[in-house]
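Lettering of chains follows the sequences in order, A, B, ..., and the numbering in each one begins at 1.
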Protein chains: 2
Amino acid sequence: MVEAPVKNPLLSTSREDYLADIYRIQAAGQNVNTGEVAQRLGVSAASTSAMFKRLAQEGLVHYESYSGVWLTKEGERAASRIVRRHRVIERFLTDILGIGWDRVDGFANLMEHALPDEVLEAIERLLGDPDTCPHGYPIPNRSGETAAPAGHSAEMLAAGERAVIRRVDESDPGLLRHLRERGLVPGTRIRVQELNPIDGTRTLSAGERTLVVGQRIVRALFVDRVVDDA
Amino acid sequence: MVEAPVKNPLLSTSREDYLADIYRIQAAGQNVNTGEVAQRLGVSAASTSAMFKRLAQEGLVHYESYSGVWLTKEGERAASRIVRRHRVIERFLTDILGIGWDRVDGFANLMEHALPDEVLEAIERLLGDPDTCPHGYPIPNRSGETAAPAGHSAEMLAAGERAVIRRVDESDPGLLRHLRERGLVPGTRIRVQELNPIDGTRTLSAGERTLVVGQRIVRALFVDRVVDDA
DNA sequence: CAGATGAGTTAGACACACCTAACTCACTGC
DNA sequence: GCAGTGAGTTAGGTGTGTCTAACTCATCTG
């Protein structure tokens with residue numbers, strides 16, 4: 001049984017998982033080291049070390065022993081294809097199938113390894129060529145180019161300032177449910193009404209509502225400031 | 001990296017491929033032997049023999065050395081879940097994404113191993129709970145029950161008889177394209193106008209058209225006779 | 001009914017990706 | 001600047017699924 005080759009550079013499921021994860025860590029501006037990847041993928045450091053070596057041998061990453069890896073041009077192209085599949089699948093699951101945005105990441109992790117290019121593109125057309133996943137992260141285009149992640153941390157909003165949510169931290173399903181229940185989703189306009197300097201809580205107006213949110217939530221929101229209010 | 005477990009009885013991709021194939025051979029009323037499965041899955045007889053042993057050990061098939069296998073109740077349940085996923089995916093690809101019915105089998109073979117139950121059921125709802133795949137084969141239900149494949153070979157139609165196509169042989173993409181071009185798809189009403197006793201060709205009316213078809217095509221069609229013509 | 005033939009099985013190896021345990025490196029703090 | 005510590009690597013082993021080559025069984029034919 002041949003390992004499911006979606007197309008082109010015939011990567012194993014494991015390689016795809018590692019590459020996509022390296023890509024995401026890099027996109028967040030962090031160094032990619034063994035422990036981080038091991039922890040995120042739920043494997044041992046030894047396995048990760050071994051895979052780094054393999055990926056380096058294949059020209060997909062640069063590997064500096066005891067320091068970490070970063071993607072080569074080729075690795076970046078490969079990784080972006082996987083991330084692209086992942087985020088398109090997420091959109092499909094939420095927009096077409098109505099599955100909650102807190103579950104789609106896990107499902108997409110399974111499905112992203114077995115989606116032929118032609119099916120991917122048909123789904124994209126059906127969705128109207130979306131620019132982002134449901135959480136606001138950019139979908140790489142066919143050529144592997146990815147827009148910069150939209151928004152800046154909502155922590156830097158001062159009292160009185162208005163903004164639009166562009167993107168939210170997608171790593172914790174519980175947090176995502178929490179955000180959804182409060183209407184804190186990409187596209188929502190918010191205004192910081194009060195900022196409590198002691199504990200960092202904010203009183204926000206979000207759409208029609210007013211809510212008090214703690215640091216954890218504020219840090220999960222990435223926004224663009226809005227100057228003139230329509 | 002854990003092998004993608006869609007749910008429940010955590011079967012590897014390979015096991016799923018073997019089980020589904022055994023299921024299909026059995027559903028066609030044939031004995032399931034090593035060579036047949038090996039050839040259909042594109043693996044060696046040795047690999048197939050080894051897998052038969054493993055599946056037997058796990059209680060998924062009965063295995064008679066040098067003779068063949070047949071599914072146990074449990075194996076049948078497992079296999080029907082995979083076939084169900086396969087056929088629902090095919091319907092999704094044709095009906096929602098507009099992909100040609102000659103390509104969807106290959107795509108479904110990849111995708112069927114990585115479709116969580118919840119996503120499967122959402123797709124089924126979206127499709128309106130279809131009974132068959134695009135080629136007319138029955139979709140097993142949630143409980144693993146499968147209707148008998150509809151239709152009987154069109155070969156037994158006598159000159160003058162009318163029938164409705166219920167199902168077509170799905171094994172050859174080229175043949176499927178051929179059938180599609182001639183409108184010979186499930187639901188089409190046909191009538192045998194002439195039957196050439198020398199070479200077995202038939203002159204058919206199919207929908208609006210009249211066509212002459214050879215044995216190969218006739219054998220690929222499974223029909224139900226229609227007595228009264230509306 | 002005996003031997004040839006072909007299908008099926010067993011033996012032995014390999015690749016992949018994982019693990020734990022032991023070792024090694026690099027940096028931090030005294 | 002050297003020891004301790006924690007992160008990273010290497011060593012060695014396991015399970016799965018594949019292969020080829022060699023053997024064995026069952027059946028068909030003369």
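- Among the nucleotides D:dT24, D:dT9, D:dC19, the one closest to the side chain of B:A46 is D:dC19.
- Without hydrogens or angle criteria, B:S153 side chain to B:F222 main chain gives no donor-acceptor distance under 3.5 Å.
- Listed nucleotides: D:dG8, C:dA17, D:dT10. Nearest to the side chain of A:R54: C:dA17.
- Between B:S49 and C:dG8 there is no side-chain N or O to OP1 or OP2 distance below 4.0 Å.
- Paired with B:L179 under the rule side-chain contact (heavy atoms from CB on, under 4.5 Å), one option of B:V185, B:V168, B:D102 passes, and it is B:V168.
- In this structure, A:E58 places its CD atom 14 Å from P of C:dA15, rounding to the nearest Å.
- At whole-Å resolution of the value, CD in A:E64 and P in C:dC27 are 12 Å apart.
- Look at B:R15 and you'll find a side-chain N or O under 4.0 angstrom from OP1 or OP2 of D:dG17.
- Of all nucleotides listed (C:dA17, D:dG8, C:dC19), D:dG8 comes nearest to the side chain of A:T34.
- Rounded to a whole Å, the NZ atom of B:K53 is 15 Å from the P atom of D:dT18.
- Taking every side-chain heavy atom of B:S14 into account, D:dG17 is the closest of D:dG17, D:dG8, D:dC25.
- Considering only side-chain N and O atoms, B:Y63 lies nowhere under 4.0 angstrom from the phosphate OP1 or OP2 of C:dG8.
- Atom-to-atom, CD of B:E16 to P of D:dT16 comes out at 16 Å; the value is rounded to the nearest Å.
- In this structure, B:M51 atom CE and D:dC19 atom P are separated by 11 Å, rounded to whole Å.
- Across the protein-nucleic acid pair, A:L10 atom CG and C:dA15 atom C1' stand 15 Å apart, rounded to whole Å.
- For B:S67 and A:S65, each mapped to the nucleotide of DNA chain C holding its nearest heavy atom, the one lying further toward the 5' end belongs to B:S67.
- Under 4.0 angstrom from either OP1 or OP2 of C:dC19 there lies at least one side-chain N or O belonging to A:S47.
- Looking at the side chain of A:Y66, the nearest of the listed nucleotides C:dG8, C:dC19, C:dA26 is C:dA26.
- Screening B:E16, B:H86, B:R15 against B:H113 for a side-chain hydrogen bond (donor to acceptor under 3.5 Å, both in side chains) leaves a single residue, B:E16.
- When the shell of 6.0 Å around CG of B:D129 is examined, it contains more than 12 heavy atoms from other residues, nucleotides or ligands.
- Considering only side-chain atoms of A:S12, the nucleotide from C:dA17, D:dG17, C:dT10 that sits closest is C:dA17.
- Between B:N31 atom CG and C:dG8 atom P the separation is 11 Å, expressed in whole Å.
- Of the residues A:E76, A:E112, A:E121, A:E90, the one that meets the salt bridge (Lys or Arg N to Asp or Glu O under 4.0 Å) test with A:R84 is A:E121.
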